[in-house]
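Remarks on the structure that follows.
From a predicted model like this one, the values you see are computed outputs, not experimental measurements. FYI, the numbering just counts along the sequence from 1.
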Amino acid sequence: MPNKPEIKHRGIADYAALAFSTFGVGYLPLAPGTWGSVIGVLIYLGYLQIWGLAKLTLIDAGWVYQQYSAGFNSLTGLLLASFCLIGIWASARAVRLFDHKDPQKIVVDEVMGQLVVFTFVPISISGWLVLAGFILFRVFDIWKPYPVRQVENLPNGIGVCADDLVAAVYAGICLSIIYTISVSI
């Protein structure tokens with residue numbers, strides 16, 4: 001009896017789902033979830049650079065800081081929600097392709113979780129707080145305190161992503177407390 005293939009490709013949507021759900025690093029042999037979190041941090045840092053340049057341009061063009069800030073926050077929320085919805089779709093499709101409930105190769109949940117962590121602090125945090133956010137998220141994602149482990153049992157892409165999103169909320173709350181203490185000292 002021939003071995004069952006690991007992935008059953010069916011079309012361009014399947015390839016897109018695999019690319020988005022694995023970010024390429026899901027195929028690395030060691031700690032793909034940690035590499036997914038690194039991708040999340042890199043996306044966050046890249047986003048900061050883009051919006052730092054946009055801030056200079058828009059304020060030089062006559063926008064006031066409140067307009068820029070409101071627009072930035074609205075766009076950030078919209079982009080993050082869209083990213084999460086696409087990630088859940090891609091995860092659901094990848095679960096079927098890998099024929100496994102929560103394959104380690106799917107790392108988009110770590111990417112989105114890492115991005116959620118940073119929504120709990122102001123956009124201009126220092127490097128050590130970015131590192132703290134990374135570490136906190138990895139700790140909560142691995143530890144899986146209640147109800148993180150329980151939401152893993154939700155079906156398909158929701159279950160793959162929900163545990164990381166709840167872990168991200170825990171990590172984000174801790175990071176915001178650390179940030180508050182650091183600016184109060």
Side-chain angles (χ1 to χ4, degrees), residues 16-26 28 31-92 94 106-141 148 157-158 160-185:
L18 288 173
F20 196 79
S21 67
T22 66
F23 274 84
V25 299
L28 293 175
T34 300
W35 287 111
S37 291
V38 169
I39 295 294
V41 170
L42 293 175
I43 290 171
Y44 171 74
L45 294 174
Y47 190 67
L48 289 180
Q49 292 301 312
I50 291 167
W51 279 102
L53 294 172
K55 177 181 175 184
L56 293 174
T57 304
L58 293 173
I59 291 177
D60 284 347
W63 284 42
V64 294
Y65 182 75
Q66 288 81 9
Q67 287 173 313
Y68 165 78
S69 183
F72 177 78
N73 289 337
S74 297
L75 184 61
T76 299
L78 181 65
L79 289 173
L80 185 58
S82 298
F83 186 89
C84 289
L85 290 173
I86 294 168
I88 291 168
W89 166 82
S91 296
I106 297 175
V107 298
V108 71
D109 50 334
E110 276 84 11
V111 176
M112 71 174 71
Q114 195 65 71
L115 293 171
V116 167
V117 169
F118 296 120
T119 64
F120 283 80
V121 291
I123 202 70
S124 59
I125 61 172
S126 64
W128 75 270
L129 283 168
V130 172
L131 180 61
F134 171 79
I135 291 169
L136 284 166
F137 175 66
R138 293 308 301 147
V139 166
F140 282 108
D141 187 31
V148 175
I158 298 282
V160 170
C161 297
D163 66 314
D164 293 271
L165 294 173
V166 176
V169 170
Y170 285 153
I173 290 169
C174 291
L175 184 62
S176 68
I177 291 168
I178 293 168
Y179 172 77
T180 301
I181 291 170
S182 74
V183 296
S184 301
I185 298 176

For residues 37-47, tabulate all N or O donor-acceptor pairs below 3.5 Å that involve a side-chain atom, not counting sequence neighbours.
| from | atom 1 | to | atom 2 | distance (Å) |
| --- | --- | --- | --- | --- |
| S37 | OG | G33 | O | 3.4 |
| Y47 | OH | W51 | NE1 | 3.2 |
| Y47 | OH | T76 | OG1 | 2.8 |

Can you list the residues that meet the salt bridge (Lys or Arg N to Asp or Glu O under 4.0 Å) rule with D141, with sequence neighbours excluded?
R138, K144

Among residues at least two apart in sequence or on other chains, which ones pass side-chain contact (heavy atoms from CB on, under 4.5 Å) with A90?
A17, F20, S21

Working to the nearest 0.5 Å, report the span between CD1 of I158 and CG of D109.
12.0 Å

Which pair of heavy atoms, one from P32 and one from G26, lies closest together, and at what distance?
CB-O, 3.8 Å

For residues W128 and S182, report the shortest heavy-atom separation together with the two atoms involved.
CZ2-CB, 3.7 Å

Sequence neighbours excluded - salt bridge (Lys or Arg N to Asp or Glu O under 4.0 Å) pairs with any residue from residues 176-185
none

Could you check if a side-chain atom of V107 sits within less than 4.5 angstrom of a side-chain atom of W35, using non-hydrogen atoms only?
no

Report the residues that fulfil side chain to side chain donor-acceptor pair (under 3.5 Å) with S74, sequence neighbours left out, ordered by chain and then residue number.
none

Atom pair CD1 (I173) and CD1 (I178), whose distance is rounded to the nearest 0.5 Å:
12.0 Å

Interatomic distance, CG@L79 vs CZ@F72, rounded to 0.5 Å, equals 9.5 Å

Evaluate the side-chain proximity of L175 to F137: yes if any heavy-atom separation is below 4.5 Å, no if none is.
no

W89 side chain reached by V108 side chain, heavy atoms, under 4.5 Å:
no

Kindly determine whether L165 and V169 satisfy side-chain contact (heavy atoms from CB on, under 4.5 Å), including the steps that lead there.
CA-CA 6 Å; L165 294 173; V169 170; 5.9 Å; no

Please step through side-chain contact (heavy atoms from CB on, under 4.5 Å) for the pair F118 and L129, ending with a clear verdict.
CA-CA 9 Å; F118 296 120; L129 283 168; over 6 Å; no

Quick one: CG on L131 to CD1 on I125, what's the gap to the nearest 0.5 Å?
10.5 Å

Summary of salt bridge (Lys or Arg N to Asp or Glu O under 4.0 Å) pairs that have at least one residue in residues 172-185, sequence neighbours excluded
none

Gap separating the CD1 atom of I88 from the CZ atom of F83, nearest 0.5 angstrom
11.0 Å

Between L136 and Y170, is a side-chain contact (heavy atoms from CB on, under 4.5 Å) present by the stated rule, with each step listed?
CA-CA 8 Å; L136 284 166; Y170 285 153; over 6 Å; no

Using side-chain heavy atoms (C-beta onward) and a distance below 4.5 Å, is F140 in contact with V166?
no

